[in-house]
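Here's the structure, in structure tokens; my notes come after.
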Amino acid sequence: MGRGRVQLKRIENKISRQVTFSKRRTGLLKKAHEISVLCDADVALIVFSTKGKLFEFSTDSCMESILERYERYTYAERQQVATDSPQVQGSWSLEYPKLVARIEVLQRNIRNLSGEELDPLSLRELQYLEQQLDTALKRIRTRKNQLMHESISQLQKKVRARASRASECNFIWSCRGR
């Protein structure tokens, strides 16, 4: 038969409270050790007594590294919550002009690559554009040559197949003529 449920409220008797704290702290540290061993989890446990005494437990990795990881995680989580908040949703209206400007830049780049609106470009920008076009042209030529070689190979196979069939037909006709 197990013990009944303990009513959770502050223990008024100071000595009983200290004994309970000591026993429960030991049990809590034991459970922290068990979960770290059984589940290969990184565990950090910090307990302060009412008198301010520190009791701590951490797995093989040091307490500092676990706390740093905790800080990074909670910071990232706070950033995510801030992103989802109504204030930040209002910042989408600030994001819109940036996106519109980005689209305009990309459209201008496309026009420049097709040889349009080149007057406002500086010499350096024109040289960079020429380099981009040269690189693109080399890629295009390489692909075109690859396709042409494949096409020539297929045509040569067809010619050989027809020549083979033609020589077979000639052989048959020559055999019949005898």
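Residues take their numbers from the sequence shown, with the count starting at 1.
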For the [atom1] atom on [X], are there more than 12 heavy atoms of other groups (residues, nucleotides or ligands in this structure) within a distance under 6.0 Å?
X: Q156; atom1: CD; answer: yes
X: I15; atom1: CD1; answer: no
X: R24; atom1: CZ; answer: no
X: I35; atom1: CD1; answer: no
X: D40; atom1: CG; answer: no

[Y] and [X], any side-chain heavy atoms less than 4.5 Å apart:
X: L67; Y: E71; answer: no
X: R108; Y: V105; answer: yes
X: N13; Y: R17; answer: no
X: N112; Y: E117; answer: yes
X: T135; Y: Q132; answer: no
X: F21; Y: V47; answer: yes
X: K157; Y: R160; answer: yes
X: I46; Y: M63; answer: yes

Can you name the nearest heavy-atom pair linking [X] to [Y], along with the distance?
X: E125; Y: S122; result: OE1-N, 2.8 Å
X: I11; Y: S16; result: CG2-CB, 3.9 Å
X: E56; Y: L54; result: OE2-CD2, 3.6 Å

Checklist line | Under the side chain to side chain donor-acceptor pair (under 3.5 Å) test, residues paired with E64 that sit two or more places apart | finding: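 E64 satisfies side chain to side chain donor-acceptor pair (under 3.5 Å) with no other residue.
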
Checklist line | Results of side chain to side chain donor-acceptor pair (under 3.5 Å) for R143 - residues two or more places apart only | finding: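 Q146.
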
Spacing of [atom1] belonging to [X] relative to [atom2] belonging to [Y], to within rounding of 0.5 Å:
X: L29; Y: K31; atom1: CG; atom2: NZ; result: 12.5 Å
X: L118; Y: R111; atom1: CG; atom2: CZ; result: 11.0 Å
X: L45; Y: T59; atom1: CG; atom2: OG1; result: 11.5 Å
X: S49; Y: Q18; atom1: OG; atom2: CD; result: 7.0 Å
X: L129; Y: D134; atom1: CG; atom2: CG; result: 9.5 Å
X: L133; Y: L137; atom1: CG; atom2: CG; result: 8.0 Å

Check: Same cluster or not: are V43 and V37 linked, directly or through other Ile, Leu, Val, Met, Phe, Trp or Tyr residues, by side-chain heavy atoms under 4.5 angstrom apart?
Finding: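 The answer is no; the residues belong to distinct hydrophobic clusters.
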
Margin query: Test of understanding: clusters of I, L, V, M, F, W, Y form through side-chain heavy atoms closer than 4.5 Å, transitively. Do L113 and Y128 belong to the same one?
Written below: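 No; Y128 is not reachable from L113 via cluster members.
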
Note to self: The test is side chain to side chain contact (heavy atoms under 4.5 Å, CB included); show your working for D42 and R69 and say whether it passes.
What the structure shows: CA-CA 10 Å; D42 286 335; R69 229 167 78 196; 2.8 Å; yes

Next item on the list: Quick one: list whatever passes salt bridge (charged side-chain N to carboxylate O under 4.0 Å, His left out) with E12, sequence neighbours left out.
Entry: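 Counting only residues at least two positions away or on another chain, E12 forms a salt bridge (charged side-chain N to carboxylate O under 4.0 Å, His left out) with R10.
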
Notebook entry, point to check: Are H33 and F57 close enough, and set up right, to give a side chain to side chain contact (heavy atoms under 4.5 Å, CB included), and what steps lead you there?
Noted result: CA-CA 8 Å; H33 174 71; F57 169 82; 3.8 Å; yes

Note to self: Closer than 3.5 angstrom, by distance alone: can the side chain of S153 be matched with the main-chain N or O of H149 as a donor-acceptor pair?
What the structure shows: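 Indeed, once roles are kept as given, a pair shorter than 3.5 Å links the two residues.
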
